[in-house]
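First up is the structure itself, then whatever we jot down about it.
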Amino acid sequence: MAVNGGAERLGLATLHRVPAQSRPLIRPGTVPAGIVHLGLGAFHRAHQAVFTEAAIGAAGGDWGIIGVAPRSTALVEALAAQDALFSVTTLAADRSETRVVGALAGVRHAASDPAAVVALLADPAIRVVTLTVTEKAYHLDPVSGVLRADPELTLDLTTDRLPVTVPGLLVRGLLARAAAQAGPIALVSCDNLPSNGRRLRGLVQQSLTLAGAPDAVLDALAGQVSFPGTMVDRIVPASTDGTLADARAALGVADLAAVAAEPYTQWVVEDDFPGGRPRWEQAGAVLTTDAGPWERLKLRGLNGVHSAVAYLGAVAGRETIAEALTLPGLTDVLRRFVADDVAASFTPPDGVRVTGYGDEALARFANPAIRHRTLQVAMDGSQKLPQRVLHTAVDLRAQGRPAYWSALVVAAWLRFLDGRADDGTVLPLDDPLADRITAALATAGDTPAGTVEALFALPEVFPAALADDDGFRADVAGWLGALRTHGVAAVLAGAA
Ligand code: CS2
């Protein structure tokens, strides 16, 4: 059956056919836009859009979202044909529930109409910009936070052409905003980057400098633009035909922009919005002065564990995260990783026990209704490993402690980079540094120590403190040798 099977499409005109409990919390199409969101992926639709709709529903405000898709035309077309409506199906292990979200006030396609995006960023009605563009779109070196040289970025920042990169769009938009004196604005990174607010500020400052922005403009912007840090959390796998079929069954109309997500959701936001903001706290978000401890908790205690499951699971031939977790011994190993390494590496938010948080994350990963592919989480490892695992190891080693389980996670990534699962199946490498990684591996020889030597020499990934740490390198090489010789299943069975 085709996903829409000839059924009518979701939209304002068909909303009356959607079961009452599945309709939006606000009257869609009636709330003026106050937010631009860059990156209309599944995560945004199931997270910030849901919080924002609930906040508008509870407290009002002109906070409709204009969703900007950087690349995907299919999604923009699907949403445009649906009056920007889409549904979220919440999947618990034993039940599901689908609801249409009415937070989007419009959609734009950055690649084909960058001028429209620049104009929006300069519009006084827009007072918040949120971003979920994935780690690599920031063009930042994950270790140092320095802007990476890139020909497209250089063209965006140094010529008059219409921008195609995220930093290019932001800089052009902010310059237009300064010229229009359009008032204060908050730029909010909702990506899983370390200190994401500071990273985004650094990105904008470096880009404005490269673009040759005059000092007067820089000064004007400095007083008008804030960069609140945030921690965002909800497991939202890429949508599949099954997601669309479930949505259609629940709604009675076809939704080609449907997403599915776990029940759990969390948002911690630094309260620094000079142009105002939706009352997200009324939707369950935590507004704080410092999201840093929450962010470290999540990056290390959830995402780091997720990446571990993804690499070990993919090499063991498991398709999904939940299936990987059934590997005998894996849960024990991950609990040791959290208790011995993650929990000892940083100070958590007041009142939070890191091991309890880790157990909760493992229970969420085990949700069998969420078919999150190990290969999806394994993507872009070079951009993810530093904040998810390597910072944990750096902090432990600085205290003179071992980082034994962190070394296993790094070894799992290196084993994944071998390109073949334990059963010989090809494992694709989807990573912005794929060329650098492949070149490094080509010179490495085939001993574990050789692989460690070659990969640890990539300064964009491995902080100097680890690259020079013989003890840590030996632990990684030891685990890598065991994984290559015995396979994931045997290593896990004997490990914890
Ligand atoms: C995952 C995250 O794909 C990944 O790398 O670890 O997308 C994870 O599902 C979210 O951060 C959960 O909030």
Side-chain angles (χ1 to χ4, degrees), residues 131 133-154 156-158 165-168 170-171 187-213 218 222 225 227-231 290-293 295-296 298-300 303-304 307 345-346 379-399 403 406 409-410 413-414 417 431-440 452-469 472-473 476:
L131 294 92
V133 289
T134 79
E135 296 87 343
K136 60 184 170 232
Y138 288 74
H139 293 264
L140 294 174
D141 178 321
V143 168
S144 64
V146 171
L147 208 56
R148 257 203 316 265
D150 172 282
E152 292 296 330
L153 180 59
T154 306
D156 273 5
L157 297 178
T158 58
T165 63
V166 169
L170 289 176
V171 161
L187 303 189
V188 194
S189 165
C190 300
D191 283 294
N192 288 315
L193 293 169
S195 309
N196 53 13
R198 277 216 300 280
R199 282 275 156 124
L200 183 57
R201 179 193 294 276
L203 163 83
V204 167
Q205 283 170 342
Q206 293 176 69
S207 303
L208 282 166
T209 306
L210 279 176
L218 292 180
V225 187
F227 299 89
T230 64
M231 180 270 250
D290 181 12
E295 187 184 72
R296 282 186 283 282
K298 198 255 173 169
L299 287 171
R300 299 180 186 198
N303 293 116
S307 291
S345 74
F346 75 108
M379 266 172 60
D380 297 345
S382 69
Q383 311 297 295
K384 294 174 174 174
L385 260 277
Q387 57 271 23
R388 293 181 178 209
V389 183
L390 303 180
H391 293 174
T392 300
V394 169
D395 289 344
L396 288 172
R397 302 295 287 157
Q399 298 170 38
S406 309
V409 184
V410 177
W413 181 52
L414 301 188
L417 296 178
D431 193 299
L433 292 189
D435 290 348
R436 301 260 295 136
I437 290 169
T438 310
V452 169
E453 172 89 34
L455 267 295
F456 274 49
L458 292 178
E460 309 93 313
V461 183
F462 287 94
L466 285 185
D468 299 339
D469 182 335
F472 185 70
R473 286 161 59 129
V476 176

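Note that this is a predicted model, so its numbers are computed, not measured. When reading the values below, keep in mind they use all heavy atoms of this one structure, side chains included, and skip hydrogens, waters and symmetry mates.
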Next item on the list: Could you give me the CA-CA distance, side-chain angles and deciding distance for Asp150 and Lys136, then say whether salt bridge (charged side-chain N to carboxylate O under 4.0 Å, His left out) is met?
Entry: CA-CA 12 Å; Asp150 172 282; Lys136 60 184 170 232; over 6 Å; no

Taking side chain as C-beta onward, heavy atoms only, is [X] less than 4.5 Å from [Y]?
X	Y	answer
Phe472	Phe462	no
Tyr138	Ser189	yes
Leu390	Val143	no
Asn196	Cys190	no
Glu460	Arg436	yes

Nearest-0.5 Å distance that lies between atom [atom1] in [X] and atom [atom2] in [Y]:
X	Y	atom1	atom2	value
Phe456	Asp469	CZ	CG	8.5 Å
Arg300	Ser406	CZ	OG	9.5 Å
Asn192	Thr230	CG	OG1	9.0 Å
Thr165	Asp156	OG1	CG	3.5 Å
Gln205	Phe227	CD	CZ	6.5 Å
Asp395	Ser345	CG	OG	5.5 Å

Distance-minimising heavy-atom pair for [X] and [Y]:
X	Y	answer
Gly168	Leu157	CA-CD2, 4.2 Å
Gly304	Val409	O-CG1, 4.4 Å
Pro386	Val461	CG-O, 3.6 Å
Ser382	Asp431	OG-OD1, 2.6 Å
Ser207	Val171	CB-CG2, 3.2 Å
Thr158	Leu210	CG2-O, 4.0 Å

Check your understanding: Looking at Asp468 and Arg397, does any basic side-chain N land under 4.0 Å from a carboxylate oxygen?
Key ->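 Looking at Asp468 and Arg397, the cut-off is not met.
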
Donor-acceptor pairs under 3.5 Å, side chain of residues 197-204 to any protein atom, not counting sequence neighbours: which ones?
{"residue": "Arg198", "atom": "NH2", "partner": "Ser195", "partner atom": "OG", "Å": "3.3"}
{"residue": "Arg199", "atom": "NH1", "partner": "Pro142", "partner atom": "O", "Å": "3.1"}
{"residue": "Arg199", "atom": "NH2", "partner": "Pro142", "partner atom": "O", "Å": "3.4"}

When you measure from the side chain of [X] to the backbone of [Y], do you find a donor-acceptor pair of N or O atoms at a distance under 3.5 Å?
X	Y	answer
Asp141	Ser144	yes
Arg148	Leu140	yes
Arg473	Ala467	yes
Lys384	Met379	yes
Glu135	Asp191	no
Gln206	Val146	no
Ser307	Leu385	no

Just by distance, with hydrogens left out, do Asn303 and Lys298 show a side-chain donor and acceptor under 3.5 Å apart?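 Yes, Lys298 and Asn303 have a side-chain donor paired with an acceptor closer than 3.5 Å.
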
Could you check Val476, Val410, Val394 and say which one makes a side-chain contact (heavy atoms from CB on, under 4.5 Å) with Leu466?
->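 Between Leu466 and the candidates, side-chain contact (heavy atoms from CB on, under 4.5 Å) is satisfied uniquely by Val394.
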
